[in-house]
There are 2 protein chains.
Amino acid sequence: MALKERDKKHLWHPLTQHKTHPDTIAIVKAEGCVLTDEDGNNYIDAIASWYTCMYGHCNPHIIKCVTEQMQQLDQIVFSGFTHRPAVELSEALIDILPNNQNKLFFSDNGSTAVEVGIKMALQYHFNKGEKHNTLIAFEDGFHGDTFGAMSVSGLSVYNGPFEDFFLKVVRIPTPNGKNHDLIIKQLSDIVNTNKVAGFIYEPLVQGAAAMQMHDTHGLNMILNFCKHNNIITIADEVMTGFGKTGKHFASDYLATKPDIMCLSKALTAGLLPMAITSCSQDVFDAFYNDDLSKGFFHGHTYSANPLACRAALAGIELLKSEDMQANISRIIASHQDFGQRIETHPKVASIRQKGIIFALDLDIKMERYGNLRDKLFHSFMERGVFLRPLGQTIYILAPYVISEKQLNKVYIAIEKVLDRI
Amino acid sequence: MALKERDKKHLWHPLTQHKTHPDTIAIVKAEGCVLTDEDGNNYIDAIASWYTCMYGHCNPHIIKCVTEQMQQLDQIVFSGFTHRPAVELSEALIDILPNNQNKLFFSDNGSTAVEVGIKMALQYHFNKGEKHNTLIAFEDGFHGDTFGAMSVSGLSVYNGPFEDFFLKVVRIPTPNGKNHDLIIKQLSDIVNTNKVAGFIYEPLVQGAAAMQMHDTHGLNMILNFCKHNNIITIADEVMTGFGKTGKHFASDYLATKPDIMCLSKALTAGLLPMAITSCSQDVFDAFYNDDLSKGFFHGHTYSANPLACRAALAGIELLKSEDMQANISRIIASHQDFGQRIETHPKVASIRQKGIIFALDLDIKMERYGNLRDKLFHSFMERGVFLRPLGQTIYILAPYVISEKQLNKVYIAIEKVLDRI
């Protein structure tokens, strides 16, 4: 029986209404930018499997490193113990993170990285003798699906059953170059009437909000306001991290650095789940005390899994390489050319780009998980391209190793599909 | 510089007050039951690295399967797509789970498996048109460190900064063979005054509560009460799963099966992080609807990671093998002999055993993370045995492949250390 048939018996897929969803596609092989299904069809993975496999699927360097690690040390409790992959990763990652980041705390996915960041912000104030109970977040932010992470996500599809149990969160709009005074006024009102622990934000590009981009200067102004008001800033770089914006991290575009950063997805080069919440020395120092109870009593069993650490270390080696940086520059330039070409298409309402992230909005309103969106998805798949439209937004976020020929195939698929809707 | 020195610069370890904590130990190799540190010292891993590596570290069968998988397919979005390792794992796992379990939902660790379970229970009622806002949990249960999971954990060390943000949870004591009437009375009161969505419990053995064990008949009675009162039962088998209690799952000892089960830790044979929340067809059916919004809109990027699925599948093959089942029987018998010997030791207050889980309580009161507990830990390490006392409880939960000679070394280390405290 085909895998896609066997799949139906026992598997419950994420973000899926199984009654109305069409059959799943069974992928049997992935190499570089190409996915192969069980019927032998090939697809270009133009969203890098949710922004993870930036150095290409089954990258030989990553596989070699992880295979070696697997024969040496698979797993060890990370309380009271340490190991070489975690130590070497910490040195390599701190080297490329913004200057003020100095400590790394491990967990397993973006949601838990955010939970850790929120808990650090709350306990930071608590340890200094003040209970701050409010968080600030952007209106359309998305930070994950656990209760803490859901609470700060403004963009929440179908949260009805859970919203009675959320943390206290106040939302502000993203800066658009015209609303700075309004945002500062709102922030002033918020701090005057609440004890604010932290501000969590996706810097410059909001992924789940369909690659919405906002103003660098405005975000910097918000971060400055937070610094002056003792509000811990938490940059959720789960999507933006590791080169996608054209710099190693989106925070590199900003003069004011975050107190805490959340990392996952491309962190492990698309091989394995892992997340890191990094922070400044100041945040760490608030927990460093003779009083045991001021420590951070959070922990996951596979924290700092040696295989995932080794994959992440190999990923950073690739990211920093001349080849990969040249790939990134090449994709940025190609997207700019394509942007000029597609901007005038009658079905395109607007385009935007940050680094290798390219998005266009259609001039048609669509449901986030609706039928037209599904039809678009299948039109791309029929043309051998895996793109995953979000509502009326089509975006490209391909692995850095995508060739010019493959990239052109993606562009042409978009143009052809647009011509026909 | 030694790894344990380099470790201090940037790593923030879980469940650790860094100011008072002694140096970490850097492990450079793990094979079978033996860990080797950077100074060449060997230790028997008598807690299987937090109950994960049950088939031994760097198990050749597991490594072979994962190495093959890594060259074929590393990662693919699990919304709209599927793959062989997930399909084959689903078939193998459903085959050994209690009969009523029929669907699997993936996440990355025990905390998220619990968040998924809680969200399923809440939305189950919500989808049927009723908002149930209360959960029932055991007094000393532990279910993880994210906000939802923390909420249901009765055993929560230092939750002060977070407890204002917890879900509504009512606690009941564990059944001890003498308090059945009391518990049923409490449950009746709870359902009379609350809209209860679910009951979450660690079946038969509570891990973080220092391997506390409770009464099978009493738990069965509680589960029956829940069934009759439309309360979704959630068995957290993250610690107990995959053979540790002497059956594949602790729930196998109970006549009444849970609606939902949470699995992690040994699920992936100690190689990689992954978790699964399984459920009955009845739970799944409550989400299966033409109305999109009744679907379960939860998802993590690396859900059903092919490598982790392949490791889990290989793990189940090992668990079911005659060799491994013979190992489990052998360890159970050895523990029984040791129990008889140590029970009369003047420093031992009590012993208990379920399957390969053996625990003894000292007749000395100790802080969970205090100095005497640390001294005990180091006394064992000096004798080449990794045991991790929880307060005054010393427990053994070794890999199934531990030899009789290694097991005797663990027993003797305990006896010698007890003689000297």
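Just so it is clear: chains get the letters A, B, ... in the order the sequence lines come, proteins before strands, and each one is counted from 1. When reading the values below, keep in mind they use all heavy atoms of this one structure, side chains included, and skip hydrogens, waters and symmetry mates.
Heavy-atom pairs under 4.5 Å with chain B were tallied for A/Y302, A/F377, A/F147; the largest tally goes to A/Y302. Here B/Q72 is the residue among B/Q72, B/E88, B/Q281 with the most heavy-atom pairs under 4.5 Å with chain A. In terms of non-hydrogen atom pairs under 4.5 Å with chain B, the most contact-rich of A/M120, A/K168, A/M274 is A/M120. Top candidate by heavy-atom pairs under 4.5 Å with chain B, chosen from A/N305, A/T277, A/D108, is A/D108. Counting heavy-atom pairs under 4.5 Å between each of A/V114, A/D291, A/T20, A/T146 and chain B puts A/T146 at the top. Chosen from B/D7, B/D290, B/L272, the residue pairing most often with chain A at heavy-atom distances under 4.5 Å is B/L272. The most heavy-atom pairs under 4.5 Å with chain B, out of A/V116, A/N127, A/N133, A/I94, come from A/I94. Ranked by non-hydrogen atom pairs under 4.5 Å with chain B, the options A/S49, A/P273, A/A26 are led by A/P273. Most heavy-atom pairs under 4.5 Å with chain A: of the set B/H57, B/K4, B/H18, B/E31, this distinction falls to B/H57.
B/Q17 contributes atom CD, which lies 10.0 Å from atom NZ of A/K294 (distance to the nearest 0.5 angstrom). Residue B/K19 holds its NZ atom at 6.5 Å from OH of A/Y288, rounded to the nearest 0.5 Å. Note that the CG atom of B/D74 and the CG atom of A/N59 stand 9.0 Å from one another [nearest 0.5 Å]. B/D37 contributes atom CG, which lies 9.0 Å from atom CZ of A/F81 (distance to the nearest 0.5 angstrom). Between A/T24 atom OG1 and B/I76 atom CD1 the span is 11.0 Å, to the nearest 0.5 Å. Between atom OG1 of residue A/T82 and atom NZ of residue B/K8 there is a gap of 11.5 Å, rounded to the nearest 0.5 Å.
B/E38 places no side-chain N or O within 3.5 Å of a backbone atom of A/H83 that could act as its donor or acceptor partner. With A/T16 contributing its side chain and B/S79 its backbone, the two residues share no donor-acceptor pair below 3.5 Å. Looking at A/K103, its side chain does come within 3.5 Å of a backbone N or O of B/K9 through a donor-acceptor pair.
Both the backbone and the side chain of B/N102 come within less than 4.5 Å of a heavy atom of chain A. For B/K64, no part sits under 4.5 Å from any heavy atom of chain A, backbone or side chain. Heavy atoms closer than 4.5 Å to chain A are found in both the backbone and the side chain of B/K119. B/Y51 does not touch chain A: none of its heavy atoms, backbone or side chain, sits under 4.5 Å away. Heavy atoms of B/L307 lying under 4.5 Å from chain A belong exclusively to its side chain. Only the side chain of A/H21 comes within contact range of chain B, judged by heavy atoms closer than 4.5 Å. Proximity to chain A (any heavy atom under 4.5 Å) is shown, for B/H300, by both the backbone and the side chain. The part of B/I118 that comes within reach of chain A is its side chain, from C-beta onward, which places non-hydrogen atoms under 4.5 angstrom from that chain. For B/M1, no part sits under 4.5 Å from any heavy atom of chain A, backbone or side chain. Heavy atoms of B/A86 lying under 4.5 Å from chain A belong to its backbone as well as its side chain. For chain A, the nearby part of B/L35 is the side chain; its heavy atoms alone come within less than 4.5 Å. At a 4.5 Å heavy-atom cutoff, the contact between B/S303 and chain A is made by side-chain atoms alone.
Here the shortest heavy-atom pairing between A/Q71 and B/K29 reads O-NZ, 3.7 Å. Of all the heavy atoms in A/R388 and B/V77, the pair that sits closest is NE-CG1, 4.4 Å. The two atoms that bring A/G299 and B/P14 nearest to each other are CA-CB, 3.6 Å, heavy atoms only. The nearest pair of heavy atoms linking A/R6 to B/V87 is CB-CG1, 3.5 Å.
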(request) Begin from the C-alpha positions of A/Q123 and B/F162 and carry the test side-chain contact (heavy atoms from CB on, under 4.5 Å) through to its verdict. (result) CA-CA 8 Å; A/Q123 193 173 344; B/F162 318 118; 3.5 Å; yes
(request) For side-chain contact (heavy atoms from CB on, under 4.5 Å), just list the numbers for B/E115 and A/D145, CA-CA rounded to whole Å, side-chain angles, deciding distance to a tenth of an Å, and then say yes or no. (result) CA-CA 9 Å; B/E115 296 263 338; A/D145 287 336; over 6 Å; no
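Considering B/F297, B/F78, B/F105 as possible partners of A/H13, the one that fulfils the ring pair (Phe, Tyr, Trp, His ring centres under 6.0 Å) test is B/F78.
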